[in-house]
Amino acid sequence: NRIDVKTGKVTGAFKAKTTASPAPPKSQSGHISDNPLPVLSSDYAQTLAVEPETGRLWIGTPAGLDVLDGDAVVARYTKEDGLPDPNVTALVFDRQGRLWAGTGDGIAVFDEKSRKFTSFLNEDGLNGGGVYRNAAYCNREGLLYFGMNDERGNKLGKGGGFIRFHPDSIYTNDRKAPILLTGFEAG
């Protein structure tokens with residue numbers, strides 16, 4: 001059970017199967033399971049983060065986000081769980097212990113209670129197409145930094161660069177604005 005830090009290649013018991021295999025049962029996706037998943041979602045680990053409270057290892061792969069607790073993959077998250085893209089390229093925990101994931105199509109924050117992600121995309125104000133591999137950082141003041149690709153995947157290209165924000169400054173508004181007609185003309 002090894003992850004080569006130079007290449008990101010996973011070998012050993014958690015290596016993804018190279019032959020086509022059925023997807024894990026839906027009941028095992030997106031939550032901590034008593035029946036650990038047998039393999040990682042990919043044999044390539046792009047980014048790693050250790051959860052401060054529990055010591056669990058979060059592993060970003062091209063096919064999703066896996067959670068390793070001891071010797072078992074205990075959770076798997078994909079686009080169905082709210083990730084903007086299954087290609088997880090960067091992970092960082094903020095000062096409140098929330099996990100932020102950079103993906104090939106935006107950034108997402110994990111909600112521990114619902115076990116789902118809230119995604120932020122270009123239309124939400126990001127200045128790029130996705131997050132460059134391992135380009136996520138939380139400084140002492142709690143500011144988060146993400147290195148952004150442009151929409152063609154070029155690092156620091158047009159529309160890329162980096163973004164900086166404090167996670168407490170992010171507000172979501174799930175309320176739909178009422179439609180109000182102020183006039184009507186037939187004619």
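Please read these numbers as outputs of a predicted model, since none were measured by experiment.
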Exercise. Check Gly142 against Pro167 and note the closest heavy-atom contact, atom names and distance.
Key: O-CD, 3.2 Å
Quiz item: Which word best sums up how the rings of Phe93 and Trp58 line up, parallel for under 30°, tilted for 30 to 60°, or perpendicular for over 60°?
Solution: perpendicular
Quiz item: Does the side chain of Ile59 reach to within under 4.5 Å of the side chain of Leu57, using non-hydrogen atoms?
Solution: yes
Self-check item: Approximate separation, where rounding is to 0.5 Å, of Glu51 CD and Leu68 CG
Solution: 12.0 Å
Quiz item: So do His166 and Leu143 actually touch side chain to side chain, heavy atoms under 4.5 Å?
Solution: yes
Quiz item: Quick one: do Asp66 and Arg76 make a salt bridge, cutoff under 4.0 Å?
Solution: yes
Exercise. Identify whether the distance between the nearest side-chain nitrogen and carboxylate oxygen of Asp69 and Arg56 falls below 4.0 Å.
Key: no
Quiz prompt | Atom of Tyr44, atom of Arg133 and distance for their closest heavy-atom approach | solution = OH-NH1, 3.1 Å
Quiz item: Where is the tightest heavy-atom contact between Ala135 and Ala90, given as atom of each residue plus distance?
Solution: N-CB, 3.9 Å
Exercise. Report the residues that fulfil salt bridge (charged side-chain N to carboxylate O under 4.0 Å, His left out) with Arg98, sequence neighbours left out, ordered by chain and then residue number.
Key: Asp94, Asp168
Practice problem: For Glu53, check side chain to side chain contact (heavy atoms under 4.5 Å, CB included) against everything at least two apart and list the hits. | Solution: none
Quiz prompt | With Thr118 via side chain to side chain donor-acceptor pair (under 3.5 Å) - residues at least two apart | solution = none
Quiz item: Considering residues at least two apart in sequence or located in another chain, which fulfil the side chain to side chain contact (heavy atoms under 4.5 Å, CB included) criterion with Ala63?
Solution: Ser41, Ser42, Thr61
Exercise. To the nearest 0.5 Å, tell me how far Arg115 CZ sits from Tyr77 OH.
Key: 3.5 Å
Quiz item: Would you say the side chain of Ile163 lies within less than 4.5 Å of the side chain of Tyr145, judging by non-hydrogen atoms?
Solution: no
Quiz item: For the atom pair CG (Leu65) and CG (Leu99), what is the distance rounded to the nearest 0.5 Å?
Solution: 6.5 Å
Quiz item: Taking all atoms of both residues into account, what is the closest heavy-atom pair of Thr78 and Glu80, and its distance?
Solution: OG1-OE1, 2.5 Å
Self-check item: Spacing of Lys113 atom NZ and Asp111 atom CG [to the nearest 0.5 Å]
Solution: 7.5 Å
Exercise. Answer with yes or no after comparing the ring centroid distance for Tyr132 and Phe162 against a 6.0 Å cut-off, counting only values under it.
Key: no
Quiz item: side chain to side chain contact (heavy atoms under 4.5 Å, CB included) with Thr89: which residues, sequence neighbours excluded?
Solution: Gln46, Asn87, Val131
Quiz prompt | Pair Trp100 and Tyr137, ring centroids less than 6.0 Å apart | solution = no
Quiz prompt | side chain to side chain contact (heavy atoms under 4.5 Å, CB included) involving Ala101 - partner list, sequence neighbours excluded | solution = Leu83, Val88, Leu91, Phe117
Self-check item: side chain to side chain donor-acceptor pair (under 3.5 Å) partners for Thr47, two or more places apart
Solution: Asn134
Quiz item: Can you tell me how far the CD atom of Gln96 sits from the SG atom of Cys138, to the nearest 0.5 Å?
Solution: 8.0 Å
